[in-house]
Amino acid sequence: MKRLALLLFLVPALAQGLVLPFEGPRGYQLAQAFALGLQAPPPTLLALLLPEPPWRQGYELVGGLYTKAGAALAREITGADWVLLGREEERGLRVFLAKGDGVEEGLFPTPGLAWLWLQGKGLAPRYSPLPEPLLPEERLRALAQGEDPDPLHRSALDLKEGRGSGLLEGLLPGRLLLLWQGRPPAAYEALDLLAQGKKEEALRAAEGLEKGGLLDRLTAHLLYRALEDGRWKGSARALAEAYPYLAFAWEEVSFAAFEEGRGEEAREALLKALKLRPDHWLYWTNLGWAHYLTGDLPRAILASERAVRLAPNATAYYNLGLFRAVYGDFLGAKAAYDRALRLDEGEDVEAALKDLEEREEPLALFFRAYLSERAGLEAKALYRAFLKAHPRHPAAPLAQRALKRLEGDGVALTLLRLVLIPGDRDARPFRAGEAIFPEVRLEGSPFLPKGELRVALLAPEGPLAEEAKPLGFPPLTTALVETGPAVVPKAPGRYTLEVRYGPARASLPLEVGPPSLARKLYALGLLPKDLSGRDLLTPEEALGERGEVLLLERTAEALREAAPLATSERLRSPLKGGPFAGKSVQELLREATPELARAFYEKVVEAPELLGDQDVVNAFVNWVLEGERP
């Protein structure tokens with residue numbers, strides 16, 4: 001027995017590897033066949049239990065699961081000794097094998113050849129055929145989705161629900177089991193610190209992750225990025241050197257190079273990224289800019305054209321407009337800029353204008369004016385400067401017509417409604433202490449100019465309050481409905497509300513009455529309900545002249561109707577403290593008056609959580625019982 005025990009001790013343990021589901025119409029059957037031959041757990045278990053990486057974009061950040069980087073991440077996240085995954089393609093089966101010393105990739109015309117490749121790697125038994133899958137594709141897909149699970153897959157579902165690892169203990173890597181049991185790898189915990197706002201702790205965690213594997217080092221880099229720590233540039237370059245198959249690392253290197261004005265390095269990094277992800281529109285967009293920085297306008301144009309073919313985007317079109325303007329191609333630049341303006345949601349035009357400012361070509365000045373006009377920015381001075389500097393340029397007549405058009409520009413402002421809650425119904429007449437939000441329609445010709453929407457509250461003796469709100473909107477905007485900033489009349493009286501946008505203004509007399517509890521509750525989003533869940537007031541009643549009276553009367557009635565239901569010992573016993581000491585809750589309900597309802601609602605206005613989503617009866621009872629405590 002001792003000799004046998006010694007022999008068992010000397011036999012090395014089999015590597016604990018995983019085969020993930022393959023991608024393709026026969027993906028689960030193929031994966032099952034490889035898993036059977038490699039004595040790995042069923043891939044359908046991994047369909048249920050493979051965690052996403054801890055950052056927001058998951059595997060997509062590195063180009064997807066079915067890539068070298070995706071395979072490497074899956075191995076580190078699960079803690080497996082090796083991970084195999086594959087993808088069916090037109091030319092055959094592409095497989096990825098991730099081990100501790102790196103990731104290998106192969107494309108094979110048939111699964112059998114991929115199996116021979118694994119034999120050559122020492123992973124599959126030599127001279128053994130690739131096993132046949134035991135279950136049809138449909139059944140395997142059902143198991144992968146948790147449908148009609150057998151005991152093994154039932155254990156996987158239990159593990160996800162926190163009910164223990166069951167039959168999976170010893171079958172799956174310990175790191176994977178621990179993750180589902182609430183003990184994730186350090187990378188997950190580090191990003192959780194950031195999510196909790198613990199920036200210093202997250203930064204220290206990033207420093208500790210820098211010497212780890214791909215999962216740890218990529219997490220450290222993302223933390224440096226999120227925390228705007230200058231070390232992100234170094235970590236990007238280190239990631240790219242250590243994991244040259246990681247397109248995201250080369251993307252980050254290009255950003256670091258752009259920030260440092262190193263156009264050639266950015267170009268080389270993007271070319272390497274494109275070898276890994278040849279159809280990524282962002283890489284082509286940025287490659288166009290890198291070529292521009294290195295003075296290669298023809299390639300800059302070609303890269304930008306490729307970017308917009310892959311995914312039309314404002315940045316690439318703005319770049320294309322700039323490159324063609326520098327070339328002197330007026331029609332090509334105009335076409336690109338017009339398309340960029342239509343795609344721009346208001347985030348890119350300022351950067352495009354800054355790029356034009358750095359050029360001295362005649363068309364650069366013209367298109368600065370052209371973009372500014374359509375973005376609602378000052379354009380007259382730019383058109384005039386262009387005409388003064390280049391009076392005989394072919395674009396001069398267009399600049400003259402634009403100036404004539406802008407000389408008659410105008411802004412119209414129409415006051416649509418005054419509301420207590422932005423986007424809600426008109427709430428006039430208002431009461432003292434209420435926030436008055438004006439909703440207006442703005443129109444501009446030829447385009448709406450950018451500016452501040454200003455709201456003033458005026459009394460006979462002069463201005464009482466004035467608020468301003470800068471407006472942002474996409475280029476080519478001609479009309480806009482917008483809610484202005486609120487002003488608050490402090491006391492009842494007669495006022496004038498004035499709204500201004502540039503030269504346009506509108507004014508309206510306001511009669512402000514005394515405060516109303518019903519309107520205060522409405523502004524807080526609280527519509528009191530009786531015990532059966534019916535609203536005590538309609539919105540029209542809550543905002544109306546008699547809103548407060550109706551609220552207090554109906555609340556008192558609802559409380560009285562609930563009194564017979566207050567039969568528990570606690571509700572029938574006299575209160576020992578608080579403003580209602582000596583009376584029971586049942587008595588208070590039975591004798592409820594509008595004045596008692598008023599006292600309750602005045603507290604609710606100070607602390608809206610007292611009412612929240614509860615009916616008014618239970619909220620009132622809780623308030624009374626809380627008040628009993630010292």
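Just so it is clear, the structure is predicted and the values come from calculations on it, not from any experiment.
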*asked:* Could you check whether atom CD of E264 has more than 12 heavy atoms from other residues, nucleotides or ligands sitting under 6.0 Å from it?
replied: no
Using a 3.5 Å cut-off and no angle test, enumerate the donor-acceptor pairs between side-chain atoms of residues 484-494 and protein atoms at least two apart in sequence or in another chain.
residue, atom, partner, partner atom, Å
R494, NE, E511, OE1, 3.2

Let me have the donor-acceptor pairs involving side chains of residues 242-250, under 3.5 Å, with sequence neighbours excluded, atom names and distances please.
residue, atom, partner, partner atom, Å
Y243, OH, L214, N, 3.0
W250, NE1, P244, O, 3.0

*E241 atom CD: more than 12 heavy-atom contacts under 6.0 Å*: no
*Tell me the ring-ring contact (aromatic ring centres under 6.0 Å, His included) pairs involving residues 421-441, sequence neighbours left out?*
none
*Could you tell me whether E200 atom CD has more than 12 heavy atoms of other residues or ligands within 6.0 Å of it?*
no
_Separation between CG of D296 and CD1 of I301, rounded to the nearest 0.5 Å_ = 9.5 Å
_Please list all pairs meeting ring-ring contact (aromatic ring centres under 6.0 Å, His included) that have one or both residues in residues 322-351, counting only residues at least two apart or in different chains._
Y292-F323, F330-F366, F330-F367, Y337-F367
*Do Y224 and E210 get their side chains close enough for a donor-acceptor pair, meaning under 3.5 Å?*
yes
*Take atom CD of E90 as the centre, draw a 6.0 Å sphere, and report whether it contains more than 12 heavy atoms from other residues, nucleotides or ligands.*
no
*Qualifying salt bridge (charged side-chain N to carboxylate O under 4.0 Å, His left out) pairs with a residue from residues 363-375, counting only residues at least two apart or across chains*: E373-R405
_Could you walk me through whether R94 and E23 satisfy the salt bridge (charged side-chain N to carboxylate O under 4.0 Å, His left out) test, starting with their C-alpha distance in whole Å, then the side-chain angles of each, then the deciding distance to 0.1 Å, before giving a yes or no?_
CA-CA 10 Å; R94 187 178 299 276; E23 188 177 58; over 6 Å; no
*How close do G288 and S304 get, heavy atom to heavy atom, and via which atoms?*
CA-OG, 4.0 Å
*Name the orientation class of the two ring planes belonging to F258 and F255 (parallel below 30°, tilted from 30 to 60°, perpendicular beyond 60°).*
tilted
_Residues forming a side chain to side chain donor-acceptor pair (under 3.5 Å) with K233, sequence neighbours excluded_ = E259
*Results of side chain to side chain donor-acceptor pair (under 3.5 Å) for D344 - residues two or more places apart only*: Y318
*First locate atom CG of D424, then atom OG1 of T483, and finally report the distance between them rounded to the nearest 0.5 Å.*
10.5 Å
*Under the side chain to side chain donor-acceptor pair (under 3.5 Å) test, which residues partner R554, sequence neighbours left out?*
E541
*Could you tell me whether K450 sits above the aromatic face of F473, with NZ or CZ closer than 6.0 angstrom to the six-membered ring centre and within 45 degrees of the axis?*
yes
Which donor-acceptor pairs under 3.5 Å do the side chains of residues 275-283 make with protein atoms, sequence neighbours left out?
residue, atom, partner, partner atom, Å
D279, OD1, R306, NH2, 3.3
H280, ND1, L282, N, 3.2
Y283, OH, E251, OE1, 2.9

*Going by heavy atoms in the side chains, are L510 and I436 under 4.5 Å from each other?*
yes
*Quick one: side chain to side chain donor-acceptor pair (under 3.5 Å) partners of R401, sequence neighbours excluded?*
none
Scan the side chains in residues 58-65 for donor-acceptor partners under 3.5 Å anywhere in the protein, sequence neighbours excluded, and list what turns up.
residue, atom, partner, partner atom, Å
Y59, OH, P51, O, 3.3

_CD/E609: more than 12 non-hydrogen atoms of other groups inside 6.0 Å_ = yes
_Can you confirm whether more than 12 heavy atoms, excluding those of E602, are under 6.0 Å from its CD atom?_
yes
*asked:* Going by the rule salt bridge (charged side-chain N to carboxylate O under 4.0 Å, His left out), which residues pair with E452 if we only count those two or more places apart in sequence or in a different chain?
replied: R454
*Out of curiosity, L193 CG to E201 CD, how far, rounded to the nearest 0.5 Å?*
6.5 Å
